Amino acid sequence: MAHVVIIGAGIGGMPMAYEVREELRPEDTVTVISNSPTFHFVPSNPWVAVNWRSRDDIEIDVEKYLKRKKIGFSSLGVKRVYPTENRVELGDGSSMTYDYLVIATGPQLAFDEVPGLGPHGGFTQSVCHVDHAAKSAEAWEAFCADPGPVVVGAVQGASCFGPAYEFAMIMDADLRKRKIRDQVPMTYVTPEPYIGHLGLGGVGDSKGMIESIMRSRHIKWICNAKVEKVEDGLMHVIECDEDGKEKKRHELPFKHSMMLPAFRGIDAVRDVEGLVNPRGFILADKHQRNPNHKNVFSVGVCVAIPPVEATPVPVGTPKTGYMIESMVTATAHNIRSLIDGQEPDREATWNAICLADFGDGGAAFVALPQIPPRNTNWFGEGKWVHLAKVAFEKYFIRKIKKGVSEPIYERYVLKTLGIVKLKDKLKIPAE
């Protein structure tokens with residue numbers, strides 16, 4: 001009997017639990033450990049932050065749904081991972097042993113790396129977690145009663161730019177609905193070398209399209225930007241040239257600001273020898289397996305992926321939803337292979353489908369694979385994206401409740417479009 005432990009119950013952890021349960025033998029066991037008793041649909045956080053959703057709309061208790069699939073659950077969280085001992089220390093000091101470990105924790109939010117950043121003692125809001133989004137919603141209502149300048153974007157080292165673009169456009173749409181947009185100058189601040197870079201070197205014509213959208217919405221921008229510090233109502237930004245040297249300093253006043261932080265690995269894995277890179281992200285080979293601890297796998301934002309290219313100001317590489325799902329599927333198959341005495345042979349495609357809601361429209365891209373060079377590189381926009389994002393929110397939450405990672409109709413529709421999760425196995429010609 002094998003025991004698979006999954007750390008994390010988010011976008012990666014929950015599908016991971018369901019898929020590996022399907023792949024394992026009846027006598028094998030699966031346990032999910034999280035520092036929260038709930039799952040929330042992270043892509044909806046920007047809507048929560050302007051009161052278009054409540055947290056109750058996007059948050060569910062996970063234990064009863066996992067229990068239906070005979071999956072164990074603990075909300076004690078993990079204090080430390082000990083891969084040489086095949087055990088994890090839980091939040092209460094007790095230990096849980098495993099035969100196979102999947103780390104799907106997501107990141108730690110590095111607000112402390114910029115003075116004055118973040119909702120915890122800082123002066124900016126966040127949409128990285130539903131707790132932050134709910135707090136931001138309160139600040140948003142106060143702001144709308146007394147509007148002024150807005151600064152939105154991401155700081156140096158950030159890797160998840162989609163929500164920053166989304167939130168800028170959603171704020172714009174909400175302000176227009178309230179008929180106070182004319183009272184709100186808005187500036188987008190980003191370490192990206194150009195608008196629409198997305199940490200991916202751009203996708204299709206993302207640069208031209210997003211620039212056009214932002215111009216039409218009267219959103220100014222500063223690229224190659226480092227946020228030096230944030231004071232109450234004032235952000236200090238250094239704009240850099242193509243060599244990363246200081247070009248111009250900006251002092252940006254604001255009455256409301258949302259800035260995405262850089263990410264790093266969580267404390268439970270930080271500095272564990274052979275497990276993580278200097279930033280605390282989990283090292284993984286092409287099979288999602290740690291090269292030094294052969295029974296440890298990782299999926300999602302916690303996985304170490306190098307930047308796609310050098311940029312004047314550091315930016316990371318995002319891990320989007322379908323890319324994470326492909327990691328999950330590969331990992332589930334590879335764990336079963338190890339249980340059967342075989343070596344892992346399944347590789348995730350890292351294909352990406354992204355829907356970015358802009359409030360009354362949106363932008364979408366398909367990148368096959370997400371990391372260039374790509375076989376498919378498409379970017380489009382329109383009102384249909386907003387509707388598609390709303391539908392996807394409801395669809396994904398329903399999948400989590402049903403305990404199904406990929407319904408058969410989803411698999412075949414995407415396969416028809418050439419979007420799959422696993423690379424074809426290497427075919428060796430017969431002699």
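Please read these numbers as outputs of a predicted model, since none were measured by experiment.
Annotation: salt bridge (Lys or Arg N to Asp or Glu O under 4.0 Å) contacts involving residues 42-54, sequence neighbours excluded, comprise Arg53-Glu393.
Heavy-atom neighbours of Lys226 NZ from other residues, nucleotides or ligands within 6.0 Å: at or below the threshold of 12. Atom CD of Glu242 sits in a sparse spot, with 12 or fewer heavy atoms from other residues, nucleotides or ligands closer than 6.0 Å.
Atom CE of residue Met14 and atom CD of residue Glu19 lie 12.5 Å apart, to the nearest 0.5 angstrom. A distance of 10.5 Å separates CD1 in Ile7 from CG in Asn35, rounded to the nearest 0.5 Å.
Judged by distance alone, the side chains of Thr38 and Glu59 do bring a donor and an acceptor atom under 3.5 Å apart.
Cation-pi check for Lys319 over Phe281 is met; the charged atom lies under 6.0 angstrom from the ring centroid and within 45 degrees of its normal.
Contact check on Glu347 versus Lys423 returns a salt bridge, with a Lys/Arg side-chain nitrogen under 4.0 Å from an Asp/Glu carboxylate oxygen. For Asp174 and Lys177, the salt-bridge test fails: no basic side-chain N is under 4.0 Å from an acidic carboxylate O.
Looking at heavy atoms from C-beta onward, Ile222 lies in side-chain contact with Thr187 at the 4.5 angstrom threshold. Within the 4.5 Å cutoff, the side chain of Glu309 has heavy atoms near those of the Thr311 side chain.
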(request) Check step by step if side-chain contact (heavy atoms from CB on, under 4.5 Å) holds for Asn351 and Lys421. (result) CA-CA 7 Å; Asn351 287 337; Lys421 291 181 178 178; over 6 Å; no
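For Phe396 and Phe41, the ring centers sit closer than 6.0 Å to each other. Ring to ring, Tyr165 and Tyr188 are close: their centroids are under 6.0 angstrom apart.
Note on ring orientation: taking the six-membered ring where Trp is involved, the planes of Phe365 and Phe379 are parallel (angle under 30°, cut-offs 30° and 60°). Relative ring orientation between Tyr395 and Phe392 is described as tilted, the plane-to-plane angle lying within the 30° to 60° band.
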